[in-house]
Amino acid sequence: MALTVFNTMGNRKEPFNPVVAGKVGMYVCGVTVYDLCHIGHARANVVFDTIVRYLRYRGYEVAFVRNFTDIDDKIIRRAASEGTDYLTISGRYIEAFYRDFDRMGLLRPDVEPRATGHIPEIIDLVARLVAAGNAYAVDGDVYYAVKGFHGYGKLSGKNTDDLLSGARVDVDERKRDPLDFALWKSSKPGEPAWDSPWGPGRPGWHIECSAMAMKHLGETLDIHGGGKDLVFPHHENEIAQSEGLTGKPFARYWVHNGFVNVDNEKMSKSLGNFFTLREVLAKVKPDVLRFFFASSHYRSPIDYSDRSLSEAKAGLDRLYRAKEKAEGCVAAGVMAASIPAGVDFSPLRDAPAKFVEAMDDDFNTAAALGHLFDAVRALNRLAPADPATERGKAAQFLAGYELLEPLFGTLGLLQAPAKEFFRGDEADPGGVTDGPGRLPAEEIDRRIEARKAARARKDFAEADRIRKELESLGVLLEDSRAGTTWKYKD
RNA sequence: GGCGGCAUAGCCAAGCGGUAAGGCAGAGGACUGCAAAUCCUUCAUCCCCGGUUCAAAUCCGGGUGCCGCCUCCA
């Protein structure tokens with residue numbers, strides 16, 4: 001039983017063997033901070049967050065590095081259009097990134113390097129590439145000479161002849177070869193610039209990742225990740241820059257996540273069919289998005305829609321209901337006992353092993369979730385109607401839930417208290433369940449009391465009237481032996 | 001034009017050689033004053049055509065249809 005990872009280099013699953021046993025150096029290409037993140041960014045970040053969580057669950061010591069590209073053409077353009085400087089733009093969107101992704105429960109990386117914080121390292125790398133004959137300077141720009149690197153195209157499966165025959169490479173007479181790409185760009189007057197041996201300028205896009213990854217993780221990474229669209233040219237170029245110099249493999253495993261589609265088409269800025277993370281989080285809880293991502297394999301494309309979101313919500317509800325029951329047990333002062341024997345409960349007892357089996361197969365979160373649902377069904381067989389009076393059953397239920405909790409945690413699910421998930425979070429104003437038109441909790445409690453009185457005098461017509469009225473206001477009542485509880489429906 | 005991926009029930013989605021996980025929705029039953037939740041039961045032969053094999057959704061060949069990359073892009 002061993003972890004297997006699909007490697008874009010070679011296009012196949014391989015047993016996972018890091019450079020140093022038990023330790024993983026992982027670099028993920030972060031975002032360019034010139035605008036708000038959309039769901040595509042959300043998926044990429046959630047995917048790698050889940051991978052880090054799982055590797056740690058599996059006992060690996062993970063050094064997780066994710067960068068911010070904080071200087072680039074788009075940032076400069078945006079700054080110009082707003083009449084401000086690039087630092088204002090990058091600062092604003094880094095802050096926005098944290099605001100959005102902290103809500104998603106993303107782990108902070110161990111190191112979060114920024115391109116502008118590594119200019120000396122970048123210049124050093126470029127200078128060494130020039131000295132080694134891998135790159136050349138022209139009028140203050142420095143280009144990488146692709147023809148000199150024989151492995152070019154090995155990651156993306158392209159060969160240089162095909163690339164050249166394609167008409168989509170820009171023509172620039174100053175380049176020796178159309179495929180050559182910029183390592184260093186001279187700056188125009190008024191643009192941000194750093195001094196360099198080639199004059200004032202700024203780093204090209206690809207070089208920053210090589211410089212930062214090697215600085216923080218060494219010359220060979222265990223995992224290098226990013227969206228599928230980064231395979232070419234970004235990662236191909238990173239390989240050329242890094243391996244051209246070190247002669248060592250830049251990364252052992254190249255991991256790329258699939259796209260988020262809308263109406264079966266890639267979501268992207270240029271197509272204009274994107275949704276920002278922020279607007280989606282105004283509609284659903286962060287967990288719902290995480291569940292949505294986890295329910296298909298990270299390399300498959302997924303189609304985003306209101307429908308897929310509400311199906312995710314429905315599925316997640318079931319999981320949170322189990323957590324709700326566990327919280328009820330804890331509130332009743334119950335201590336976890338052990339899970340009963342018998343085949344009825346084997347899906348529960350076997351859940352950790354099944355979970356690992358699924359996740360070991362190239363992080364198959366969809367299969368893992370399937371096993372968790374099996375486990376929850378078995379767990380629900382132990383659910384006490386009233387934990388205060390059925391303490392034995394409650395103790396078993398709690399034991400079962402505690403067995404599953406770390407598994408959910410590895411997927412980043414069920415991180416909020418159930419009450420908060422179903423009723424909203426006072427500590428998170430602006431959160432989903434905080435919208436206008438919500439019936440306040442005090443008002444709901446008042447009506448529940450009225451209904452309780454009606455039921456006590458067997459006036460079921462009145463009791464039902466109250467319940468239906470609440471339902472039409474988006475509030476669901478649930479009676480049990482332990483009393484009546486409520487949830488917002490959305 | 002080059003390279004790559006995908007096609008599984010009403011919807012979403014695992015499986016990748018041994019006779020179809022799971023979720024949502026639906027149907028029947030139990031429980032409930034009635035509901036909700038929960039539990040039990042039920043609901044597909046895997047795009048088409050060939051081939052390999054004792055055995056294929058899973059492998060090979062040929063179609064058809066989508067999608068992605070080759071330009072900034074998660």
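All heavy atoms count here, side chains included; hydrogens, waters and symmetry mates do not. Residue numbering restarts at 1 for every chain, and letters A, B, ... go by the order of the sequence lines.
When heavy atoms are screened at a 4.0 angstrom cut-off, G315(A) is found touching the sugar-phosphate backbone but no base atom. Across all strands shown, R299(A) has no heavy atoms under 4.0 Å from either base or sugar-phosphate atoms. Counting non-hydrogen atoms under 4.0 angstrom, R451(A) reaches a base of the nucleic acid. Among the protein residues, K487(A) comes within range of no part of the nucleic acid, since none of its heavy atoms lies under 4.0 Å from any strand. Using a 4.0 Å heavy-atom criterion, one finds that L477(A) contacts the bases of the nucleic acid, with or without backbone contacts as well. The residue S300(A) sits close only to the backbone: its heavy atoms come under 4.0 Å of sugar-phosphate atoms, none of a base. Within 4.0 Å (heavy atoms only), V28(A) reaches no atom of the nucleic acid at all. Nucleic acid contact for K158(A): base, since at least one base atom lies under 4.0 Å from a heavy atom of the residue. At the heavy-atom level, G157(A) lies under 4.0 Å from the strands shown only through sugar-phosphate atoms.
For the OP1/OP2 pair of C69(B) and a distance below 4.0 Å, the side-chain nitrogens and oxygens of K266(A) include at least one atom meeting the criterion. Dashed line: the shortest gap from a side-chain N or O of N380(A) to OP1 or OP2 of C39(B) is under 4.0 Å. For R318(A), a side-chain nitrogen or oxygen approaches OP1 or OP2 of C39(B) to under 4.0 Å. Here T485(A) does not reach the OP1 or OP2 of A36(B): none of its side-chain N or O atoms lies under 4.0 Å away. Contact between the side-chain N/O atoms of N364(A) and the OP1/OP2 oxygens of G15(B) is found at a separation under 4.0 Å.
One atom, OH of Y320(A), and another, C1' of A37(B), lie 18 Å apart when rounded to the nearest Å. Taking atom CZ on F6(A) and atom C1' on G15(B), their separation rounds to 17 Å, with Å as the unit. Atom C1' of nucleotide U32(B) and atom CG of D386(A) are separated by 16 Å, given to the nearest angstrom. Counting to the nearest Å, the P atom of G33(B) and the CZ atom of R457(A) are 18 Å from each other. In this structure, H297(A) atom NE2 and A21(B) atom C1' are separated by 16 Å, rounded to whole Å. Atom CG of L319(A) is separated from atom P of U38(B) by 11 Å (rounded to the nearest Å). In this structure, L382(A) atom CG and U38(B) atom P are separated by 15 Å, rounded to whole Å. For the pair E357(A) CD and G15(B) C1', the interatomic distance rounds to 12 Å; values are reported in whole Å.
Annotation: cation-pi geometry satisfied between R438(A) and Y488(A) (NZ/CZ under 6.0 angstrom from ring centroid, within 45° of ring axis). Remark: R299(A) is positioned above the aromatic ring of F6(A), its terminal NZ or CZ atom under 6.0 angstrom from the ring centre and at most 45 degrees off the axis.
Pairing for U32(B) is absent, with no Watson-Crick or G-U wobble pair whose two atom distances lie under 3.5 Å. Across all strands shown, nothing is found opposite U52(B) as a Watson-Crick or G-U wobble partner with both distances under 3.5 Å. Across every strand in view, U58(B) sits unpaired, with no contact that passes the Watson-Crick or G-U test at under 3.5 angstrom. Across all strands shown, nothing is found opposite C46(B) as a Watson-Crick or G-U wobble partner with both distances under 3.5 Å. If you check C66(B) for Watson-Crick or wobble pairing at under 3.5 angstrom, you find it paired to G5(B). Pairing for A25(B) is absent, with no Watson-Crick or G-U wobble pair whose two atom distances lie under 3.5 Å.
Screening D464(A), D479(A), D459(A) for a side-chain hydrogen bond (donor to acceptor under 3.5 Å, both in side chains) involving R451(A) leaves a single residue, D479(A).
With P as the reference atom, C24(B) and U64(B) are 39 Å apart, rounded to whole Å. Nucleotides A36(B) and G28(B), compared at atom P, are 12 Å apart to the nearest Å. G63(B) and A7(B) have their C1' atoms separated by 14 Å, given to the nearest Å. Taking atom C1' in both G23(B) and U8(B), one finds a spacing of 15 Å when rounded to whole Å. Nucleotides C43(B) and A27(B), compared at atom C1', are 8 Å apart to the nearest Å. Using atom C1' as the reference point in both U52(B) and G62(B), the two lie 15 Å apart (nearest Å). On the C1' atoms, A56(B) is 16 Å away from C47(B), given to the nearest whole Å. Nucleotides U53(B) and C69(B), compared at atom P, are 41 Å apart to the nearest Å.
Comment: R278(A) engages D100(A) in a salt bridge, judged by a side-chain N to carboxylate O separation of less than 4.0 angstrom. Of the charged side-chain nitrogens involved, none lies within less than 4.0 Å of a carboxylate oxygen, so that E471(A) and K468(A) do not count as a salt-bridged pair.
The closest side-chain donor-acceptor pair between D141(A) and S186(A) falls under 3.5 angstrom. With 3.5 Å as the limit, one finds no donor-acceptor pair spanning the side chains of Y86(A) and D72(A). Between the side chains of E208(A) and N67(A), at least one donor N or O sits under 3.5 Å from an acceptor N or O.
Nearest-nucleotide mapping onto RNA chain B: of D374(A) and R307(A), the residue sitting toward the 5' end is R307(A). Take the nearest nucleotide of RNA chain B for N264(A) and for L476(A): the residue whose nucleotide is more 5' is L476(A).
D479(A) contributes a side-chain N or O that forms a donor-acceptor pair with the base of C34(B) under 3.5 Å. In the interface, the side chain of R467(A) is paired with the base of A35(B) through a donor and an acceptor atom under 3.5 Å apart. Checked by distance alone, N11(A) brings no side-chain donor or acceptor within 3.5 Å of a matching partner on the base of G4(B).
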For this session: For the pair F373(A) and L319(A), evaluate side-chain contact (heavy atoms from CB on, under 4.5 Å) and give the outcome as yes or no after the intermediate values.
Result: CA-CA 8 Å; F373(A) 272 103; L319(A) 266 21; 3.4 Å; yes
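Side-chain proximity of F259(A) to G68(B), C70(B), A36(B): nearest is G68(B). For A366(A), whose side chain is taken as the heavy atoms from C-beta onward, the closest listed nucleotide among A14(B), C34(B), A74(B) is A14(B). Counting only heavy atoms from C-beta on, F232(A) has its side chain closest to C70(B) among G33(B), C70(B), A13(B). Of the candidates U38(B), G15(B), C70(B), the closest approach to any side-chain atom of K325(A) belongs to U38(B). Residue R321(A) places its side chain closer to U38(B) than to any other of U38(B), A14(B), A74(B). Out of A74(B), C12(B), A37(B), the shortest distance to the side chain of E478(A) is found at A37(B).
Stacking is not found between F373(A) and the pyrimidine-like six-membered ring of the G22(B) base under the 5.5 Å centre-distance and 30° plane-angle cut-offs.
To the nearest 0.5 Å, atom SG of residue C29(A) and atom CZ of residue F48(A) are 9.0 Å apart. Interatomic distance, E449(A) CD to I466(A) CD1, rounded to the nearest 0.5 Å: 10.5 Å.
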List every contact pair, protein side and nucleotides 43-45 of chain B side both N or O, where the distance is under 3.5 Å.
none

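By the 30° and 60° cut-offs, the orientation of the rings of Y320(A) relative to F421(A) is parallel.
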